[in-house]
Amino acid sequence: MVSEIVRSERLTVRSKGRDFGRLRIRVESVCLSACILLPYTVLWILSLGTGWDYPSLLPQQRNLVPWHNLFSQSSGVLSGLLTAAWLSVTVSLLATISGLLISRILRRTRSWLLSFLVFLPWVLSPVVVAGCFYDLLVRCNLAGSVTGVIYSQAIFATAFAAVLFRDTWTDCMHRREALVRSLGGGTMDVWRHVVLPQSRPLILVCLVQTALFSWLDYGFVSMIGGGRVQTVTLRLFALIREASIHQAALASLLLALPSIMAVLFLFLKDSVTSFRWSVPSENLR
Amino acid sequence: MSLLLVLPVVWVFGYSVCYSLGAVGFLSQGLTSHYWVQAFTGQRLAESVLYSLFIAAVVTGCSLCLSLCLVCWLDAWRKHGRLVALLCIPLSTPAGVMGFLVLQIFSRGGVLSRVLHHLGVCSSPDDFPVLVNDANSVGLILALISGTCPLLMLYFLRIWQTAKVDDYVQLATRLGAASGQALRLVAVPMLLRRSPGLLMLTFAWNFGAWEIPLLLGSQSPRMMSVLIQQSTGQYAPEDRPLAFVFSTVYLVIVGIATAIFVSRRSGGV
């Protein structure tokens with residue numbers, strides 16, 4: 001009898017503890033979600049009105065003027081979006097192809113110097129590189145042109161891509177290559193039947209990440225583009241300098257949304273591969 | 001490969017050194033160490049290097065502590081996968097947008113100041129402390145932490161899963177350790193042991209940060225990237241060789257860090 005009472009009391013305590021644990025986790029989740037999401041509501045609120053005198057929390061006039069201005073020629077945001085999109089596509093294709101080829105050489109030679117050269121652009125500040133690079137591009141008549149911006153962005157994006165692809169070249173891949181060759185296949189067959197099918201998931205990740213790098217770049221576009229290549233990041237900083245906060249909030253949303261969507265897509269698709277672009281792989285083991 | 005990898009890096013290093021020594025440039029008058037002497041005897045370079053190192057160390061240190069605390073002591077991350085996905089939002093927010101957000105929230109006329117006004121704490125923007133473009137770099141550090149912390153958290157959560165840290169923590173508690181003790185003595189060292197590479201990278205990224213310091217940093221001292229970009233100045237050509245001295249110093253510091261990072265990796269690649 002006594003033992004039954006003790007057991008039932010223990011069960012009650014345990015279930016209360018479990019309920020408390022569940023409640024704690026729920027409260028934690030709500031607080032953390034609010035901490036992450038609330039700052040972004042500021043952008044939405046500011047983009048849906050005009051006038052924001054102190055101490056009002058919301059814009060005085062709630063309207064769609066910033067959105068309307070977006071489509072006007074003078075704001076330059078829409079044309080900036082189009083230029084940035086075209087740059088992103090070109091840079092991502094160029095960097096993915098060259099990154100795949102360079103990572104193959106990197107894996108074969110296992111040279112320390114080559115690894116150093118691949119990792120260096122990863123950590124260098126684009127604006128410092130752009131400062132040194134500008135004079136070279138002036139001599140080549142590429143400063144202030146889309147080609148110059150694409151070339152300089154492609155250097156950094158290729159380094160990302162080469163690091164991303166370096167683990168693709170495993171012993172298994174090497175054995176499959178040897179098998180295809182022993183069956184009479186040429187280089188094209190090796191790429192068609194072994195390399196591309198094996199690295200397809202990483203190619204998608206690489207395309208998205210390098211496109212994002214170009215989409216979000218400000219250093220190269222401002223230094224190399226010299227104001228003649230107008231992307232949305234350039235417009236955003238110009239709007240912040242002009243203190244047109246509503247238009248800047250809208251530009252921020254338009255700049256951030258594709259980036260957030262792309263990273264979320266990659267994360268939900270495969271958290272490991274999407275994560276590898278920024279993390280040295282040995283640390284994930 | 002040489003066009004996309006070797007040439008740019010060699011050019012950047014070579015041109016930067018040559019320009020700083022007066023060997024090239026449209027105002028060049030032959031080889032001279034004048035600009036190096038000027039840079040090292042002046043205050044700008046030393047201040048900027050120390051300031052950038054300080055900001056990078058504070059941001060990396062604070063992000064590390066914050067992300068370890070949030071990952072180890074909050075169970076919500078491990079129970080709700082969707083919450084982890086939310087971390088991708090600050091992670092993928094562009095630096096310029098993060099800077100703009102911090103500016104709108106923490107400036108004297110910003111959202112926080114307005115909320116405090118409605119709560120009766122502040123009566124005017126002047127009552128709110130200066131947190132943006134301030135001498136203590138509070139806004140700058142906050143913005144940089146907001147970008148760095150989610151990256152470290154995602155990384156630690158990944159390690160927690162792959163290294164099965166949960167099992168070790170449970171084992172420690174079964175052997176008699178208190179739950180806090182198990183986290184402090186088992187989970188935290190396991191996570192830290194796997195993170196020097198990423199910490200080194202985040203340190204280097206924050207050392208060379210540009211967009212956020214441009215929006216939120218103080219005018220003096222300035223972060224390295226901002227100093228270099230402003231000294232490259234199209235409006236002051238006589239300052240250009242000095243800018244390349246600053247660039248060379250920056251490239252050498254980052255180059256040494258990268259060399260250590262690459263050497264630490266087994267087999268080089």
Side-chain angles (χ1 to χ4, degrees), chain A residues 25 28-29 32-33 36 39-40 42-43 46 54-55 57 98 102 105-107 110-112 115-120 123-125 127-129 131-133 135-136 154-155 158-159 166 216 218-219 233 236-237 240 245 248 252 255-256 259-260 263-264 267-268 275 278-280 282-285, chain B residues 1 4-6 8-9 11-12 15-16 74-76 79-80 83 85-86 88-94 96-97 100-101 104-105 109 111 114 117-118 125 151 154-155 158 162 194-195 197-198 201 204-205 208 210-211 215 225 228-229 232 243 247 250 254-255 258-259 261-262 265 267-269:
Chain A
I25 287 170
E28 279 173 12
S29 307
L32 290 168
S33 307
I36 293 171
Y40 294 89
V42 175
L43 294 180
L46 287 178
Y54 192 88
L57 280 172
S98 44
I102 288 172
I105 301 168
L106 199 68
R107 196 72 194 180
R110 290 179 181 271
S111 143
W112 181 91
S115 301
F116 175 74
L117 289 175
V118 167
F119 270 99
L120 197 62
V123 279
L124 283 179
S125 169
V127 72
V128 178
V129 176
C132 301
F133 227 59
D135 292 1
L136 174 69
I155 296 164
T158 303
R166 77 195 187 286
L216 303 177
Y218 177 59
T233 42
L236 170 66
F237 275 81
I240 294 171
I245 51 165
S252 299
L255 185 68
S259 159
I260 292 170
V263 174
L264 267 175
F267 182 84
L268 296 174
F275 194 40
S278 53
V279 177
E282 88 250 20
N283 291 323
L284 286 177
R285 279 173 213 152
Chain B
M1 184 174 89
L4 276 170
L5 214 67
V6 183
V9 176
W11 172 271
V12 165
Y15 191 72
S16 190
L74 296 184
D75 291 331
K79 308 282 178 191
H80 291 286
L83 202 59
L86 275 187
C88 292
I89 296 176
L91 180 70
S92 53
T93 300
V97 176
F100 178 69
L101 264 176
Q104 294 311 318
I105 293 172
V111 177
R114 289 161 196 252
H117 178 273
H118 286 281
L151 174 68
L154 275 175
Y155 180 65
R158 187 74 211 155
T162 49
R194 288 165 171 82
S195 56
L198 183 60
L201 283 179
W205 286 329
W210 180 53
E211 284 108 320
L215 283 174
S225 298
I228 293 166
Q229 183 256 330
T232 311
S247 292
Y250 169 81
V254 175
T258 312
F261 175 75
V262 173
R265 300 172 64 82
V269 185

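These numbers come from the heavy atoms of this one structure, side chains and all, not from hydrogens, waters or symmetry mates. Letters A, B, ... are given to chains in the order of the sequence lines, protein chains preceding strands, and every chain is numbered from 1.
- Using a 4.5 Å heavy-atom cutoff, the side chains of P94(B) and T233(A) are not in contact.
- The backbone N or O of P55(A) lies less than 3.5 Å from a partner atom in the side chain of H118(B), making a donor-acceptor pair.
- The candidate from D135(A), L57(A), V42(A) with the greatest count of non-hydrogen atom pairs under 4.5 Å with chain B is D135(A).
- The two atoms that bring S29(A) and L83(B) nearest to each other are O-CD1, 3.8 Å, heavy atoms only.
- Here the side chains of C88(B) and I260(A) are not in contact, with every heavy-atom distance at 4.5 Å or above.
- The two residues C132(A) and W11(B) come nearest to each other via the heavy atoms O-NE1, 3.0 Å.
- Note on L46(A), V118(A), I245(A): by heavy-atom pairs under 4.5 Å with chain B, the leading option is I245(A).
- Between Y218(A) and W210(B), the ring planes lie parallel to each other; the angle is under 30°, not in the 30° to 60° tilted range.
- At a 4.5 Å heavy-atom cutoff, the contact between L236(A) and chain B is made by side-chain atoms alone.
- In this structure, P8(B) and V129(A) have side chains that are not in contact, with every pair of non-hydrogen atoms separated by 4.5 Å or more.
- Checked by atom type and distance alone, the side chain of S259(A) pairs as donor or acceptor with a backbone atom of S92(B) at under 3.5 Å.
- V254(B) and L120(A) make their closest contact through O-CD1, 4.4 Å (heavy atoms, listed as atom of the first residue, atom of the second, distance).
- Side-chain atoms of Y250(B) come within 3.5 Å of backbone N or O of S125(A) as a donor-acceptor pair.
- Using a 4.5 Å heavy-atom cutoff, the side chains of L154(B) and F267(A) are in contact.
- Chosen from L117(A), L136(A), T158(A), the residue pairing most often with chain B at heavy-atom distances under 4.5 Å is L136(A).
- Contact annotation for L216(A): both backbone and side-chain heavy atoms come within less than 4.5 Å of a heavy atom of chain B.
- Only the side chain of I105(B) comes within less than 4.5 Å of a heavy atom in chain A; its backbone stays farther off.
- Nearest heavy atoms, Y54(A) versus P125(B): CE2-CD, 3.5 Å.
- W205(B) places a side-chain heavy atom less than 4.5 Å from the side chain of V123(A).
- Of the two parts of F237(A), only the side chain, counted from C-beta on, holds a non-hydrogen atom closer than 4.5 Å to a non-hydrogen atom of chain B.
- The candidate with the highest count of non-hydrogen atom pairs below 4.5 Å against chain B, out of L124(A), L32(A), L43(A), is L32(A).
- To the nearest 0.5 Å, atoms CG (L74(B)) and CD1 (I25(A)) are separated by 10.0 Å.
- When heavy atoms are compared at a cutoff of 4.5 Å, V12(B) approaches chain A by way of both its backbone and its side chain.
- Considering only heavy atoms from C-beta on, V127(A) stays 4.5 Å or farther from I228(B) through its side chain.
- Put simply, the side chain of L101(B) does not reach to within 4.5 Å of the side chain of S252(A), judged on heavy atoms.
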